[in-house]
Amino acid sequence: MLQKGYKIRILIVFIVLFLLFMAVEARLYQLQISSYGYLTRKAQEIHVKRRVINPFRGEIVDRNGNVLAVSTRLKSLYVNPLAIPSEKKEELAKLLSPVLVIPPEKIQARLEGKSHVSLARKISQDKAIQVDEIRKNLKLISNSLYFVEESKRLYPLGRTLSPVLGYTTIDDSGDNRGIFGLELKYNDWLSGKYEKTVSHRTALHQYLEPIEQDLLESTYGSRLILTIDQTLQYIVEKALRSSLAETRADSAVGLLQDVKTGEILALCSLPSFDPDIFHTYDAELRRNRCISDPIEPGSVMKIFTAAILLDTGLVRMDEIIDCRMGHAVLDGRSVWDAGGHKMGRVPFPETFYFSSNVAFCSLGLRIDPIIYYSYLRAFGFGQKTGIDLPDESAGILYPVSKWTKYSRTSLAMGYEIGITPLQIIAAISALGNRGQRMQPYLVREIQDAGGHVIQSFKPREKFRMVSPQTADRILGLMEGVVVQGTGKKAMVSGYRIGGKTGTTRKSNKKDEREYIAGFAALFPIENPRIACYIAIDNPKGAYYASDVAVPVFREIARQTLSHFAIPPSIATEKMQVVEPVETVAPKSMVRKEAPQVLPGQMPDFSGLTMKEALKALRNYSFDVRFVGSGVVIDQSPKPAAALTDLNECVLVFGKPGAINLSGKEL
C-alpha cells in the first residue's frame, strides 16, 4: 500500500493536471466558440486583403495605328515609418540617398512621420532591386519599404504633335490626369477606372494569386484613333522647322485638312515642347497657335472678299477694274499695292492674281456692311469651329455697330479681323468642297482595350458658305495665282495647284515692322482633296509670302501628293520625281519574341513593337528614347554592345523593311 505522503502527492499532481486541462479546454472554448467570429475576422484582415487595381491610361494612335501616346507601369517606392525602428532610420536614409538621388535629410524627414508616404515615384527596376537589398541588409520587415505600380505616360514622337496631344500629370495611379490638348479633352475616356478585388496573402503581405486578366483589362482606358497622319505631320513639321532655322522667324503654323470630310491630317505649331518634361517649358511654348492665336490674314482674306463679291453679283469675272497704278485715296485713306505690282485697268482675275490692295479696297466698298458681316460669319469667322480640342479661340470679328468708315476697306485686304489658322483652313476647305463647310475634327474612333469601337465620328456638314458656282470661280482664281501671279513658286511639276499669298504687316507693332507670311492652298485644284495653310511669324530678312511661305508649301505639297499616290494631272516631258518618305532597307522580318541577351550586353530589339520593347526594357536603368512608330528597325547602341556607363538607348521604329522614318542618323 502507498504511504499517505505519496497519495497526497498523486492527488496534487492530478489536481494540477486537471486544472491545466480545464485551462486548455477553456482556452479552446474561447478560441473555437466564444471568440470564433472575432478571430476569423482578424485572420481575414491579415490573410485576405481588399486590393485596389489602379487604372491604366489608354493609347492615342494616328489614323494608321501608329502609337502617339502610350502608358507603361513603373514602380514607386513607399515607406511605412512605424515599421522601421528609430535607431535604423538615419542609416537607412544614408543608404537610400545615392540610389534615389535624394538628400539623406529629406529622406529621414519622411521616415520620421507616422503615415505611409512615397519616397520616389516611378523608379527603374535596377533601383528597385537595390532598395530591396538595402531593406534586407538592415533586416527590416517587408512592408517597411514597399513598391506600388504606377503608370507613366510616354510620347514616342517627342515634340512632334505635342500641342495637339497635350500632356498629363500625376494622380493617385501615376501619370493619368490630362491637363492639356487631347489628353484633357478626352480625359474621361482615356483615364480608365479603378477596380477592387479580394486576394489572399502571406503574413509578409505577399499576394498568393495573380489578378484575373478580365478584371485587369476592365481598368484600361479607351484608345483614341485620330484623323492625324503621322507621316504628313512629320512632313509639315520638318518643312516648318527648316523655314524657322532659315528665316529666324519667331514661330510658324502649318495645317493639312481633308477637303471632303473635314478631317485634320496634320496640325503643327512651332516652336513646341517635349510633353514628357512639359513642366520645364514656358507656357508660351506650350500653346497651340493653330487654335488659340487669331492673326490678321492679310491678302489671304481676298479669297473670301472675292467670294462675297462673286456670290452677290457685285463683280463680274470679265469686269475691268482700275488699279490706279498701285495707289489710291479711298474714303480719306491712302491705299498702296505691295511688291511693285503697279497695274492700271485690268480684268478682275488679274487683280486677284497679283493681289491688288487698291482693287479690293475699292470693291469692298460695294458690299453692304450687314451683308459683309453675315458672309464673314458664314465663313466661320468670329466663332469657334467646334474642333475637339480645348482652349480654342473664337477669333475677332467686330459687330457692324463698331465698324468705322475704314472697316470695309480694311477687311477687304485682311485687317481689322482676327482669324485662327484653323478657321482659315476650314473656310478654304469649304471652297474646295464647292462651298459646303464641314466640321473639322481630330478623333475618328474611340475603342475599348480589346479594339471594339465604342464611338465613331463621321464627317458632318455644317452649312453652305457660297454657291457651288462661286466656289468653282474661286478655285480658278486661286490656280491663276500659282500659274501667273504671286504664287508661282508653289508649282509642283505635273500637278494643278491653287493658292493665295498673304503678307501681313502686324498692326499691333507700332514702333517696328513685323510681318506674317502666309499661304493658303488647295490641291489638286481640278478636284481638291487637300487644303493647306502655312503662316511664318516675323521672319528676318525676306518677309514676302511668295519668298517665305510659298516654298514651304511646295515642299509639303510635293511629299503629300507622293504620300497619297495622287496621279499627275498635267502631262510634262520632264516630270519631277517626288521622293518617297521611306527607304527600303535589308531587314524585312518582323520578330515578335522577346530579345535574348547575355548579361552586360545590349539586347537586339529588331522587329519588336513599342509595347514589346517597353516590356523588355523594364529591367534596365538607362533612359530610352523612341523615334517613329511601328516595329524596331534600328537602335543605338547596336545589339551586343557593352552596357557599361550607358545613359540612353535610342530605338527607331518604322514599317517592316523600312529604315529611319525620321531621316535622322543615330
Quick check: does any side chain N or O of [X] sit under 3.5 Å from a backbone N or O of [Y], one acting as donor and the other as acceptor?
| X | Y | value |
| --- | --- | --- |
| N433 | Q436 | yes |
| E296 | G414 | no |
| R437 | M465 | no |
| N357 | D337 | no |
| R177 | S191 | no |
| T504 | K506 | no |

Are [X] and [Y] linked by a side-chain donor-acceptor pair shorter than 3.5 Å?
| X | Y | answer |
| --- | --- | --- |
| R153 | S71 | yes |
| T486 | T501 | yes |
| D274 | S162 | no |
| T385 | E392 | yes |
| S355 | K500 | yes |
| Y543 | R513 | no |

Once the angle between the rings of F379 and F304 is folded into 0 to 90°, is it parallel (under 30°), tilted (30 to 60°) or perpendicular (over 60°)? tilted
Fit a plane to each ring of Y167 and F180, take the angle between them on a 0 to 90° scale, and name the class: parallel (under 30°), tilted (30 to 60°) or perpendicular (over 60°).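 Aromatic pair Y167/F180 classed parallel.
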Quick test of your reading of the model: are [X] and [Y] salt-bridged, counting only N-O distances below 4.0 Å?
| X | Y | result |
| --- | --- | --- |
| D391 | R287 | no |
| D250 | K540 | yes |
| K238 | E555 | no |

F457 CZ: over 12 foreign heavy atoms closer than 6.0 Å: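 Counting other residues, nucleotides and ligands, CZ of F457 exceeds 12 neighbours.
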Testing P421, P390, S272, S269 for side-chain contact (heavy atoms from CB on, under 4.5 Å) with N288, which one passes?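 Checked P421, P390, S272, S269 against N288; only one passes side-chain contact (heavy atoms from CB on, under 4.5 Å): S269.
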Side chains of [X] and [Y]: does their closest heavy-atom pair fall under 4.5 Å?
| X | Y | result |
| --- | --- | --- |
| V482 | M491 | yes |
| R377 | Q383 | yes |
| I291 | T420 | no |
| L184 | I179 | no |
| I225 | V453 | no |
| F352 | I303 | yes |
| L182 | L389 | yes |

Between G435 and A471, what is the shortest heavy-atom contact and its length?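 Looking at all heavy atoms of both residues, the closest pair is N-CB, 3.6 Å.
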For N527, side chain to side chain donor-acceptor pair (under 3.5 Å) partners two or more places apart: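 N527: no side chain to side chain donor-acceptor pair (under 3.5 Å) contacts found.
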When rounded to the nearest 0.5 angstrom, what distance separates [atom1] in [X] from [atom2] in [Y]?
| X | Y | atom1 | atom2 | answer |
| --- | --- | --- | --- | --- |
| I556 | L561 | CD1 | CG | 12.0 Å |
| L442 | L224 | CG | CG | 10.5 Å |
| M438 | Q257 | CE | CD | 9.0 Å |
| L256 | I534 | CG | CD1 | 7.0 Å |

Distance-only donor-acceptor pairs under 3.5 Å for side chains of residues 519-526, two or more places apart:
unit_1	atom_1	unit_2	atom_2	d
E526	OE2	S569	OG	3.3

With a distance cut-off below 6.0 Å to the six-membered ring centre and an angular limit of 45° from the axis, does R529 pair with F564 as a cation-pi contact? yes
Apply salt bridge (charged side-chain N to carboxylate O under 4.0 Å, His left out) to the pair E183 and R57, showing each step before the final yes or no. CA-CA 10 Å; E183 296 276 27; R57 196 168 184 84; 2.9 Å; yes
